[in-house]
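Chain A is the first sequence line, chain B the second, and so forth, proteins listed ahead of strands; every chain is numbered from 1.
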Number of protein chains: 2
Amino acid sequence: MSKYDSCCHPGKRERFLEPSILYLLSQQADHGYSLLNRLRRYGFSETVPDPGSLYRILRKFESRQLIVSAWESGESGPAKRIYTLTDEGFHTLKQWISMLEQNVVFIQRLLDDYRTSREQET
Amino acid sequence: MSKYDSCCHPGKRERFLEPSILYLLSQQADHGYSLLNRLRRYGFSETVPDPGSLYRILRKFESRQLIVSAWESGESGPAKRIYTLTDEGFHTLKQWISMLEQNVVFIQRLLDDYRTSREQET
DNA sequence: CTATCTATATGCATTTTACATATATAAGGA
DNA sequence: TCCTTATATATGTAAAATGCATATAGATAG
């Protein structure tokens with residue numbers, strides 16, 4: 001049992017995290033550490049996802065051939081593994097976006113229902 | 001490796017399923033089998049969630065005291081375990097709704113970004 | 001007398017999650 | 001020089017969730 005056992009653990013956004021990563025890579029090939037910052041645009045933070053989880057997702061995507069990687073030893077800092085989206089990855093991103101579009105409609109419905117029920121309470 | 005390994009498995013909506021269940025119970029105390037039907041309003045189907053998963057979620061909620069149950073042997077059919085939302089459950093629902101409200105904003109942002117990128121492609 | 005509907009529940013292999021930890025390069029400051 | 005911080009990737013692991021199959025049983029319809 002932890003603080004967020006029942007609900008609202010800030011890490012529980014995985015099914016939104018994965019399409020966000022694919023989208024960011026579709027716009028710009030990138031390495032994990034940089035993605036960690038770019039993900040903030042979609043509500044993620046320094047701690048979510050934790051680096052280990054992000055790297056594992058990237059490796060999973062690579063094993064499924066949604067992305068390919070290449071090492072880049074720049075002038076400064078440690079070597080970076082740069083990931084590029086494949087055609088397969090673009091296709092998967094498209095599917096994922098469709099799913100999110102459908103889901104948003106239903107989430108909105110739940111939120112509307114909740115609001116309505118609160119108003120009628122008085 | 002299964003059909004939906006990379007994306008879009010219709011069951012991967014768990015973080016939307018759980019608040020949907022709490023909301024439905026907040027409106028009307030109910031048993032699992034009936035919830036299975038009421039959940040269709042929020043995009044779920046005969047197969048998602050599978051009954052086993054729903055019952056397990058209900059037991060989990062009960063162990064965390066978000067709901068309480070009572071057996072009801074009606075005139076027809078097997079006995080039903082009726083679940084009622086507790087004060088704790090109402091509180092958790094409220095938190096979950098707030099989280100969904102925030103998440104929707106970020107999902108919309110991703111969808112908007114994706115659409116914009118598609119338009120600029122031509 | 002049997003198929004279907006209603007209703008709840010368990011078994012289990014695989015995957016995901018959260019969090020901690022390891023490793024290494026390089027830059028900046030005291 | 002030494003220490004800290006930033007950059008960068010990765011693994012270990014216990015606990016939880018997931019997906020799918022299966023078990024059980026009362027009631028109803030043909």
Task: Residues A/R109 and A/D112 bridged, charged N to O under 4.0 Å - done: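 Looking at A/R109 and A/D112, the cut-off is not met.
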- [ ] Spell out, as yes or no, whether a donor-acceptor pair under 3.5 Å connects the side chain of B/Y23 to the backbone of A/D113.
- [x]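 Yes, B/Y23 side chain to A/D113 backbone: donor-acceptor pair under 3.5 Å.
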TODO: Could you tell me which residues satisfy side-chain hydrogen bond (donor to acceptor under 3.5 Å, both in side chains) with B/R56, sequence neighbours excluded, listed by chain and number?
DONE: none
Open item on the list: Which residues pass the side-chain hydrogen bond (donor to acceptor under 3.5 Å, both in side chains) test with B/E62, not counting sequence neighbours?
Closed with: B/S69
Nearest-Å distance for atom pair [atom1]/[atom2], residues [X] and [N]:
X	N	atom1	atom2	answer
B/F44	D/dT18	CZ	C1'	14 Å
B/I67	C/dT8	CD1	C1'	14 Å
B/F61	C/dT8	CZ	P	16 Å
B/E72	C/dT6	CD	P	16 Å
B/E18	C/dT17	CD	P	13 Å
A/R64	C/dT16	CZ	C1'	11 Å
B/L35	C/dA9	CG	P	13 Å
B/I57	D/dA17	CD1	P	9 Å

Open item on the list: To check you understand the geometry: which heavy-atom pair defines the closest contact between A/D30 and A/L25, and what is its length?
Closed with: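 A/D30 and A/L25 have their closest heavy atoms at N-CD2, 3.7 Å.
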Task: Nucleotide-resolved protein contact map, nucleotides 3-13 of chain D, B/S/- at heavy-atom distance under 4.0 Å - done: ----BBBBBBB
TODO: Evaluate the ring-ring contact (aromatic ring centres under 6.0 Å, His included) criterion for residues A/Y83 and A/Y55: first the C-alpha distance (whole Å), next the side-chain angles of each, then the deciding distance (0.1 Å), finally the verdict.
DONE: CA-CA 11 Å; A/Y83 288 99; A/Y55 288 116; 8.3 Å; no
